[in-house]
Structures are given as C-alpha cells and as structure tokens.
Amino acid sequence: MHIIIVGNGIAGITAARHIRKNSDARITVISKETDHFFSRTALMYVYMGHQKYEHLKPYEDWFWAKNRIELVRGTVESIDFGKKSIHLSPDSYQVNYKPSLWERMTKVAPKQTTQQVISSAELTYDKLILATGSVPRMGDWEGRALEGIQGLYSYQDLELLEKNTPNLTKAVIAGGGLIGVELAEMLHTRHIPVTILVREKSYWNGVLPNEESALVTQHLQKHGLDLRFNTEIKEIKGQKRVEGVETNKGETIECQLVGLTIGVTPNVSFLASGSSPLKIKRGIIVNEYLETNLPDVYAIGDCVEHQTPLERRKPIEQIWYTGRIMGETVAQTICGKRTAYRPGVFFNSAKFFDLEYQTYGDVPSKLPEGINTFYWQHPDKEVAIRINYRIEGEAVTGFNALGTRLRHAVCEAWIKEKKTIDYVLKNFQQANFDPEFFEKYELPSLSL
C-alpha cells in the first residue's frame, strides 16, 4: 500500500510517523516549502538571532530515510482523484540525505548518497492524506502588489523579511492578533519602529474579554509599540516599493514595510477547481473520522473544515496541537483501527512579548448567557486569572491566565469533571505551575 501525504507540517508529519509505527506501508510526504519538517511556531527566533534554522528541525535529516519515509520537494499541480494520481511540478525532486562518515561508521543512518530528480512528475497512491495547511490572508487593497508587503507564515516569508528589513526606518502591521505581535517583536529586536493598526477598541478584543485585552494593550505599549485602535488600511501607497499607508481615518503613515497579519485561510485553492469532486467550502469538508467525501482521501490540520463541529469547537481550528491530534487520529484509521477525532478540552497559548497567555475551555470575549465569571488581577504585577462558570450548578467552563502559567492537566480535569467554582478557588494551588520558575498566587474567595 502506498500512502501519500501532501504537506510536511505538524499534521502531515505526525500522521507519517504514527503510520510508520503501526504499518509497513510505503509512505511519501510531499512539500513545496522545505525539504524537511521544522517547527513553524519558532521561525521568529531565527530572525531574532536566538536560534539557527537547523535548530528548528525536531529530527535529524537522516531520520526520514532510516524510518523509510520518502520526502519529495515539489508543488502539487493537480490531483486526479479518479485515477488516484498526483501531478507534480517539473522541478520536483526526491530528498535524500548523505550521512557523515561518523553516521555511517556508527550505523545510525542508512547509506543514502544523492539527491535525485523524480523521473516522472506523476505519483499514484492507494490512500491520500491532504495536510496542506494555511496561507495568509493578503487583502485586496490598492497598492497591494508593491514591494515591501508581506505576511508571516512560511519559511519563504522569513527569507522575504530578511530581504525587506535592511535599512528599514518604519514598519506598519495590519492586524491585531498573535502573528501581528510576533512580527512586531521580531522587528522590535532590530530597533525598527512599529505601528500596529487594530480594528477593535483594544488589542485582540474580539478574542479576549475587556480586562485581559486592556492588560495586553498596556503591556505592548510599554514595549514601545504604536497601537492605533479602530483603525484599518484604506490604501497602500508607493511607486515600486511601499512608501506608506492611508488609514480609514484619513491619516497617512510613512513606512517601507507593511506586514499583513489579518489571519490565515485554509490552503485549498489548488484543489477547488470547478471539476473537482472533492467537497470544499472554506476548507476541505471532513467527518468525525477525518474522511472526505471521496474514498481513501483524508484531510487533517489547518486545511480542514469539520462537517459537524464538536460542542463548543469551531469548524476550522488552525492550532498546532489540533493538527498533531488529527495526525495521530488519521494514522489509527489508516492502520485499521477506525478512530474518531476527539481533541478534548480546547486549549491555546501564546506570548505577547514576555507576557504569557493560556486559555482552557470556553472563555469568549463576551460573557454568554447562563455563564458567570470570576476575575482576579494582581494589584502591582501584570498577572490576571479569569474563571468562567455556569450560573446553574456553578461548574467551571474555562480559564484564562496572563502573566503566569497554569497546569494543563489540572485545568482540563476540572472542566471535564465539572468542578464548582468554589472547589476550584479553594484548591487553586493545584493548578499553579512549577514554583521554581513561576510565582504561586492565592485567589480570593468568591463573593456572591
């Protein structure tokens, strides 16, 4: 059996590894971005000088051949689902690794020797896993095609940023989300002044409740970021290269770089031709087993849109850990144990410069009907805890933490077990993270 995986991100590579653990099938992974899998969330640290690109690869280059996972670098131009064939760009090649003399002597790697061009631009499969990821939304403003305008998602975006930022005196970032903060921090480390245009009244106010949003806003401003709220790009100005942006408030801000971080969308455009039998809306439609509408075709990761989302989960969730779980799940099904996708309690984490953020369960920006909230903020430090709970029965439904860390297993268990807010507050020390690095905080009792 030949299994082809399109995409070498966390979802695709997790699927490949787990299929290999449970099967002797032939596995081929196709990627147009890089030869080898790398940690996308750590790309910013390469630009900031904290790491080198090779540090982002969790596995040695010889790992793939040793585990009989074939790597192909190339662009998928089309897929014939009826014939089960994939057509690649003519420049596609097989990625082989030449081990060092030490590796050959110690027999830790197979004796791969060369990088070879694929003799045929067509591959056939028995089972296909689409793990094509996301692409940045780039908007359609006038001036969008000027040099110096980019997103931040791929390794190629990192290379473009290196090209765009020498001698830069000012940057404008459009978008008040996590990628925008990452890009701002990257530029900040090179002493490049940054203005961020945010549509909401405060930072990430569409996701964070007012108090947390205000705390993050304050923290970013302390780091010298120029935040413009209720502000959007109206037009991008320049001749060949960007020279500035005009906002919806009539102001022109001079800059030589515009970072577009207004979100991502499933990377499915090359699959969405009018004649394709694959069912696609915003993303590739899958059932609870990550099966598409076509036999032997699965989809996982950022490109997926769930036909029937699980309770309190969105149809499209573009998060690292959900991609990993999908990879593990689809591997079980392909290896003979049909398994439903069950990601558990929602979780996400991020950093706003050096302000840590965690969220567990359901903590929307606006308090839902039937839900009450407990909020505590340290009087002197940038530390805050929010706990949402049901009015009827008082079972906790979600946690936010800013400036501190909570134990994942504890918060998840409390939500699953429907512990009451009173129980959680009395036992909150159980959720405090390692005291060697994170200070413990006592929460006050709930005042009704």
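The analysis underlying the following values was restricted to heavy atoms, covering all of them including side chains, and did not include hydrogens, waters or symmetry mates.
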Arg407 and Glu412: salt bridge (Lys or Arg N to Asp or Glu O under 4.0 Å), yes or no, with the steps?
CA-CA 9 Å; Arg407 291 188 181 276; Glu412 184 176 59; over 6 Å; no
Checking [X] against [Y]: charged group under 6.0 Å from the ring centre and within 45 degrees of the axis?
| X | Y | answer |
| --- | --- | --- |
| Arg190 | Tyr47 | yes |
| Arg386 | Phe399 | no |
| Lys66 | Phe63 | no |

Under the salt bridge (Lys or Arg N to Asp or Glu O under 4.0 Å) criterion, do Arg26 and Asp126 qualify, and how do the steps go?
CA-CA 10 Å; Arg26 180 187 173 195; Asp126 295 297; over 6 Å; no
What residue pairs, at least two apart or across chains, pass ring pair (Phe, Tyr, Trp, His ring centres under 6.0 Å) with a residue in residues 285-319?
His306-Tyr341
Intermediate values then yes/no, salt bridge (Lys or Arg N to Asp or Glu O under 4.0 Å), Glu142 and Lys234
CA-CA 8 Å; Glu142 185 175 344; Lys234 179 181 178 182; over 6 Å; no
Do side-chain atoms of [X] reach the backbone of [Y] as a donor and acceptor pair under 3.5 angstrom?
| X | Y | result |
| --- | --- | --- |
| Gln156 | Glu33 | yes |
| Tyr59 | Trp64 | no |
| Glu305 | Arg282 | yes |
| Arg73 | His36 | no |

Can you confirm whether or not the ring centre of Tyr53 sits under 6.0 Å from the ring centre of Phe38?
yes
Given the side-chain rings of Trp204 and Tyr357, with only the six-membered ring counted for Trp, is the space between their centroids under 6.0 Å?
yes
Side-chain donor-acceptor contact under 3.5 Å, Thr292 with Lys279:
no
For a side chain to side chain contact (heavy atoms under 4.5 Å, CB included) check, start with the C-alpha distance between Ile5 and Thr28, then their side-chain angles and the critical distance, and finish with the verdict.
CA-CA 6 Å; Ile5 302 170; Thr28 300; over 6 Å; no
His223 meets the ring-ring contact (aromatic ring centres under 6.0 Å, His included) criterion, sequence neighbours left out, with His219, Phe353
Using the test side-chain contact (heavy atoms from CB on, under 4.5 Å), find all partners of Pro364 that sit at least two apart in sequence or belong to another chain.
Asp362, Pro368, Asn388
